[in-house]
Amino acid sequence: MPEDKPASDFRYATGEARVPWAAVGEHLGHEDLMRLVEFLARPEAGQEEEYDRRLTEVQAALGKLSEVSGPATKLSLGDNVSKLAAEARELLGCKYACFVTNATAGFEMALQYANVGPGDEVIVPGITFIATMMYPLQSGAKVVFADVDPNTINIDPADVERKITDRTKAIIPVYIGGYPPEMDALMEIAEANDIMVLADAAHAFGGSYKGRAAGTVAHFGAYSFHEVKNINALGEGGIVVTDEDFGKYFPQMRFLGVDMSQQIPNWLYDVIAPPGKYGPVVPGNHSATEIQAVCLSGQMARLGEVIEERRANAEYLNERFAEVEGIIPCPLDTEDKKSTYHLYLLRIDHEVIGQDVQVFRQKMDARGVTQIPHFAPLYHFRICRDLGYDTEAIAKSCPNVEMVFNHQFTHLPLYPLSSEQLEYMADAVIDAVEEMKAGK
Ligand SMILES: *Cc1c(COP(=O)(O)O)cnc(C)c1O
């Protein structure tokens, strides 16, 4: 390796060479690019003929471009992946950031740092997406479900404190819908008990808590760029962040422990087990691609506008619902808490209305507003019974989870809806609730 070439964790970083292959694989040609164009820019209904005409023009232009252009030099873990991580560090104000396949991979890397495994306990909120509990279960640890605050559906620090034992290794608060949990209280409990806090900030990229970026007010945080999130990395992607020294090993945690800064004799690299909190850990493969990084970097540049539009939509819904008895509107930003408005938290007061949220969902369905429920209590899924959890006892220990899930809450989408669609949705909610109050 030439002196002036920096050490790298990237495979096949061949640099300036006489025979400059990018990787040992087929190049992406302009025919492949054409397929991508066709996939990403699809014909509008009724515009098929015009679409075909313009597509032919694009094809000719791409063919011409290919006469004077070479292929992308790297497709996985290249300069764009590095650049994206630098942009994320800048935006979030954190020390280490790493772009990975998805948020779940980031959770895995963070929990490996705490050497979570059999005999350990990990506390998660009773309601969240299943990804939050999967690595703890996979590792052989026991998952302990904490109750939630009905006003935000976020984890209740007082219940976390009650459920800590001397086996608790990690707490995973979730920013449900993008709204910050009580991070100060949780961090205090964690410090007092030497427990690692991993923020599941899958919904919260761009939000903040007391002036600090959501997800960075914890030992580790991870964000999701899956296609349903506010911004996405061509369908899948995640960023994991930390200020802990372990962040130095993110590249090895992402890619099989490969360390290009050291070599065994007669070979290109060494492979290491990075030092976790209590001992060495074995990395997996969570590599992300250059194309994903390019896409996400573009979306990151528009993040402010994206959140602004969603905030305006949430404010509109709150105004519409303010007058309606029995609808509890979504918590909005405060001085300390800035949401990303990934989802609109809608609660109904089932005691005022006389019926519960399950009836409400059917009524919304009948009005064509479907796919609104988010999320179910995790211990209701069969996996917990399969693994021998006493799910009835867990339900009793999470009274707010049961109450909000059975009677009160759902989430409405806030993604770019036209004002007519948003108005239709608000009308549908109000109609449904008025019908329920009238006993229909
Ligand atoms: C989407 C989501 C995840 C998982 O994100 P991936 O990038 O798909 O791994 C984790 N937690 C919550 C709350 C989510 O909604």
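Atoms within each ligand, like the ligands themselves, are counted from 1 in listed order.
Atom CD of E188 is surrounded by 12 or fewer heavy atoms from other residues, nucleotides or ligands within 6.0 Å.
Residue contacts with ligand 1: G237 is included, with a non-hydrogen atom under 4.0 Å away. The closest approach between a heavy atom of F107 and any atom of ligand 1 is below 4.0 Å.
Comparing H342, K229, H226 against atom 14 (C) of ligand 1, the shortest heavy-atom distance belongs to K229. Counting only non-hydrogen atoms, the option in G177, P125, S224 that gets closest to atom 7 (O) of ligand 1 is S224.
Aromatic rings from Y379 and F145 are positioned such that their centres are separated by under 6.0 Å. With ring centers used as reference points, H411 lies under 6.0 Å from F409. Taking the ring centroids of F405 and H380, they lie under the 6.0 Å cut-off.
Near D200, meaning under 4.0 Å from one of its heavy atoms, ligand 1 places the atoms 10 (C), 11 (N), 12 (C), 13 (C). Heavy-atom proximity to A202, at under 4.0 Å, picks out these atoms of ligand 1: 2 (C), 3 (C), 10 (C), 11 (N), 12 (C), 14 (C). Remark: ligand 1 atoms within the under-4.0 Å shell around heavy atoms of T128 are 13 (C). Using a 4.0 Å cut-off to heavy atoms of V174, the atoms of ligand 1 that qualify are 13 (C). Those atoms of ligand 1 with a heavy atom of A131 less than 4.0 angstrom away are 3 (C), 4 (C), 10 (C). The T104 neighbourhood of ligand 1 comprises atoms 4 (C), 6 (P), 9 (O), with distances under 4.0 Å to a heavy atom of that residue.
At least one N or O atom of A103, backbone or side chain, sits closer than 3.5 Å to an N or O atom of ligand 1.
Of the possible donor and acceptor atoms, none in the side chain of E108 sits under 3.5 Å from a partner among the backbone N and O of Y135. At least one donor-acceptor pair closer than 3.5 Å links the side chain of N400 to the backbone N or O of V148.
A salt bridge links R382 and D386; the closest N-O separation between the charged side-chain nitrogens and carboxylate oxygens is under 4.0 Å.
In this structure, Y223 and F225 have tilted ring planes: the angle between them lies in the 30° to 60° band.
The protein non-hydrogen atom at the shortest distance from atom 15 (O) of ligand 1 is H203 NE2, 2.5 Å.
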